[in-house]
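Here the structure is laid out as structure tokens; the discussion comes afterwards.
We name chains A, B, ... by the order of the sequence lines, and we start the count at 1 in each one. As the structure is a prediction and not an experimental result, all values here were calculated from the model.
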Protein chains: 2
Amino acid sequence: MGDTAAESTPRRARGRPRGWDDKTEQNTIKSLDRAMAVFEYLSENPGLALSEIATRMGQSPATIYRILVTLEGRGLVEFDAGAQVWHIGSRAFVIGARFLRRTSLVERARPFLRQLMEETGETANLGIVQGANVLFVSQVETQATIRAFFAPGTLSPLHSSGIGKALLSQMDPARRDRLLGHDPLEAFTPHTLTDRQALSADLDRARALGFAEDREEKNLGMRCIAAPVFDIHDEAVAGISVSGPTSRMPEEAVPALGRAVAGAARNLTLALGGTAPA
Amino acid sequence: MGDTAAESTPRRARGRPRGWDDKTEQNTIKSLDRAMAVFEYLSENPGLALSEIATRMGQSPATIYRILVTLEGRGLVEFDAGAQVWHIGSRAFVIGARFLRRTSLVERARPFLRQLMEETGETANLGIVQGANVLFVSQVETQATIRAFFAPGTLSPLHSSGIGKALLSQMDPARRDRLLGHDPLEAFTPHTLTDRQALSADLDRARALGFAEDREEKNLGMRCIAAPVFDIHDEAVAGISVSGPTSRMPEEAVPALGRAVAGAARNLTLALGGTAPA
DNA sequence: CTTAAGTTTTTCATGATATGAAAAATATAT
DNA sequence: ATATATTTTTCATATCATGAAAAACTTAAG
């Protein structure tokens with residue numbers, strides 16, 4: 001399961017002796033790990049009966065029973081007496097929510113932005129909705145000498161940025177129309193989509209593809225590919241993008257870049273507890 | 001979904017034999033329970049070093065180490081290599097968040113919370129009863145720079161929060177007394193209602209008005225206005241509130257805010273199939 | 001650079017205890 | 001009533017979790 005969790009935690013702690021690279025985890029407690037596997041499994045398959053869990057996980061019912069009862073004692077799982085099934089408990093929510101207090105969206109996104117930049121070679125950005133604009137809150141710059149740059153803190157209208165369009169593409173029509181307002185859509189370059197019909201079609205395409213494109217719609221010579229990030233409520237709360245000069249982002253590179261961006265957005269989504277779209 | 005769910009799980013399952021009442025838990029796995037105690041302790045005291053946890057919990061460093069490494073392997077805890085301390089991990093958040101999906105309450109409430117926030121300009125919250133506390137499960141934050149901040153996952157005693165009082169005001173006296181217990185009511189600020197007479201009068205007022213007020217009774221400088229939400233069984237299962245700095249919520253604004261909150265609560269009640277009070 | 005103090009991992013022997021099989025207890029269905 | 005399905009307990013056994021102490025390592029100080 002948690003492939004994201006891997007990421008190689010290079011814990012260089014005080015007293016880490018020699019053979020660390022080879023045998024990674026001979027220090028794990030087997031029984032605890034098995035119990036946590038049950039805990040995790042239950043979170044992915046809520047509302048299972050004891051026997052169901054036991055058979056599916058290939059464990060003895062007695063063992064599963066004792067694990068669940070133990071976790072229940074701490075409120076980490078709950079037993080629905082009516083349906084005779086088990087669920088994740090409220091205490092798990094309380095404990096897990098502590099994670100949010102530690103780091104902000106920006107900090108959490110940082111590693112994914114960095115990886116995306118290294119993967120694509122282009123500047124990676126993170127933006128959120130701020131009123132009717134996208135607010136760019138974080139970025140990891142490419143090492144290339146020619147860079148698309150716009151500092152964090154920059155505001156850009158929703159309809160003329162990749163992240164903005166990625167977010168618009170996920171909103172229900174009512175909210176989308178409300179944010180876009182009734183005034184004419186401002187044109188920044190000849191390529192800006194100012195026609196609402198055309199914009200709507202572009203958003204449909206973005207939703208289908210899983211990523212949105214900005215083809216010099218805000219700045220001439222600059223392209224951008226963006227994908228939406230979903231939070232725990234499955235709401236699109238942020239967008240990740242890569243941006244660079246058109247010369248380095250030709251048509252044929254778009255699918256690969258789109259995949260990379262969508263992948264980064266998906267990883268961040270999972271780290272936020274959201275469910276990534278298929 | 002279910003009623004409060006907490007309240008002593010009287011698991012009357014298929015094969016529960018005789019002596020169940022007496023010896024409650026001889027089926028718990030000791031090592032697992034100890035490990036979960038560490039997990040829980042870490043969530044309450046984030047950012048502790050291994051040795052610190054070991055000494056504070058009176059356990060051998062080796063044991064704590066192995067527990068943490070095991071949990072780390074599943075992303076339930078994370079090691080901050082810079083500060084050499086441990087934290088709750090993202091996977092714990094993801095798993096815990098599954099608790100919210102069990103009931104559709106949170107999802108249903110979302111649009112009403114958003115609308116309430118936009119209507120009042122203040123952060124809107126959703127809370128449910130969890131034991132003797134209110135558990136805050138969802139919120140839509142204001143865009144104002146000065147915000148009342150308490151993240152989802154927070155627990156707050158019933159008598160010192162707006163939502164808690166809104167819910168208490170709808171309970172029959174027996175249940176209310178049971179939840180409030182016999183211990184003295186804890187005071188968080190000089191304004192906290194610790195006198196049961198005064199609290200009871202306040203609850204009567206709240207029931208008459210249709211909304212409850214928290215006038216800096218939990219946090220100084222922070223006010224809160226809350227109303228109860230009823231499910232299909234006409235039980236008060238949740239509360240909606242707006243919270244913000246006292247400076248933005250003066251006395252003369254209370255009636256309008258109260259109307260807005262009560263309206264949102266009524267709308268959610270209707271969406272849940274409950275009947276709103278007159 | 002050397003020494004010292006503090007923290008984290010590992011090793012190892014031992015006993016606690018987690019585990020599965022099977023039986024008992026209980027619920028549901030026929 | 002009987003049969004079937006599911007959960008809980010009992011019990012014997014070997015796994016494996018545990019603490020003590022040593023080793024590995026980091027940082028701070030001399």
Query raised in the report: Just checking, is any N or O donor in the side chain of Ser138(B) or Arg110(B) under 3.5 Å from an acceptor N or O on the other one?
Result: yes

Query - Nearest listed nucleotide, side chain of Ala62(B), among dT18(D), dT8(D), dA20(D) - result: dA20(D)

Query raised in the report: Rounded to the Å, how far apart are Leu68(B) CG and dT18(D) C1'?
Result: 15 Å

Report task. Using a heavy-atom cut-off of under 4.0 Å over every strand shown, decide if Ser51(A) touches base, sugar-phosphate, or nothing. Result -> sugar-phosphate

**Report entry** Rounded interatomic separation in angstrom, taking CG from Leu32(B) and C1' from dA17(D)
**Finding:** 13 Å

Report task. Can you see which heavy atom on Gly239(B) is nearest to which on Ile163(B), and at what distance? Result -> O-CD1, 3.4 Å

Report task. Classify the nucleic acid contact of Ser31(A) as base, sugar-phosphate or nothing, counting any heavy atom under 4.0 Å across all strands shown. Result -> sugar-phosphate

Query raised in the report: In whole Å, what is the span from the CD1 atom of Ile64(B) to the C1' atom of dA17(D)?
Result: 13 Å

Query raised in the report: How long is the line joining CZ of Phe79(A) and P of dT8(D), in whole Å?
Result: 6 Å

Query raised in the report: Between the side chains of Thr70(A) and Asp33(B), is a donor N or O closer than 3.5 angstrom to an acceptor N or O?
Result: no

Query raised in the report: Does the side chain of Arg101(A) come within less than 4.5 Å of Thr154(B)'s, by heavy atoms?
Result: yes

Report summary line: Winner on side-chain proximity to Lys30(B), out of dT17(C), dA17(D), dT8(C), is dT17(C)

Query raised in the report: Ile29(B) has a side chain; which of dT19(C), dT8(C), dC12(C) sits nearest to it?
Result: dT19(C)

**Report entry** Salt-bridge present (Arg34(A), Glu40(A); N to O < 4.0 Å)
**Finding:** no

Query raised in the report: Do Asn125(A) and Ser241(A) have a side chain donor and acceptor closer than 3.5 Å?
Result: yes

Query raised in the report: What is the distance, rounded to the nearest whole Å, between atom CG of Asp80(B) and atom C1' of dT7(C)?
Result: 16 Å

Report task. Calculate the interatomic distance between Tyr65(B) atom OH and dT8(C) atom C1'; express it in whole Å. Result -> 7 Å

Requested in this report: Please list residues of residues 41-50 of chain B whose heavy atoms come under 4.0 Å from any atom in DNA chain C, ordered by number; otherwise none.
Outcome: Ala49(B), Leu50(B)

Requested in this report: Choose from dA21(C), dA18(C), dT9(C) the nucleotide whose nearest atom is closest to any side-chain atom of Pro61(B).
Outcome: dT9(C)

**Report entry** Interatomic distance, Met36(A) CE vs dA18(C) P [rounded to whole Å]
**Finding:** 13 Å

Report task. Map Arg34(B) and Arg66(A) onto DNA chain D by nearest heavy atom, then report which one ends up closer to the 5' terminus. Result -> Arg66(A)

**Report entry** d(CD1, Ile67(B); P, dA17(D)) in whole Å
**Finding:** 11 Å

Requested in this report: Quick one: closest heavy-atom pair of Lys218(B) and Thr189(B), and the distance?
Outcome: O-CG2, 3.3 Å

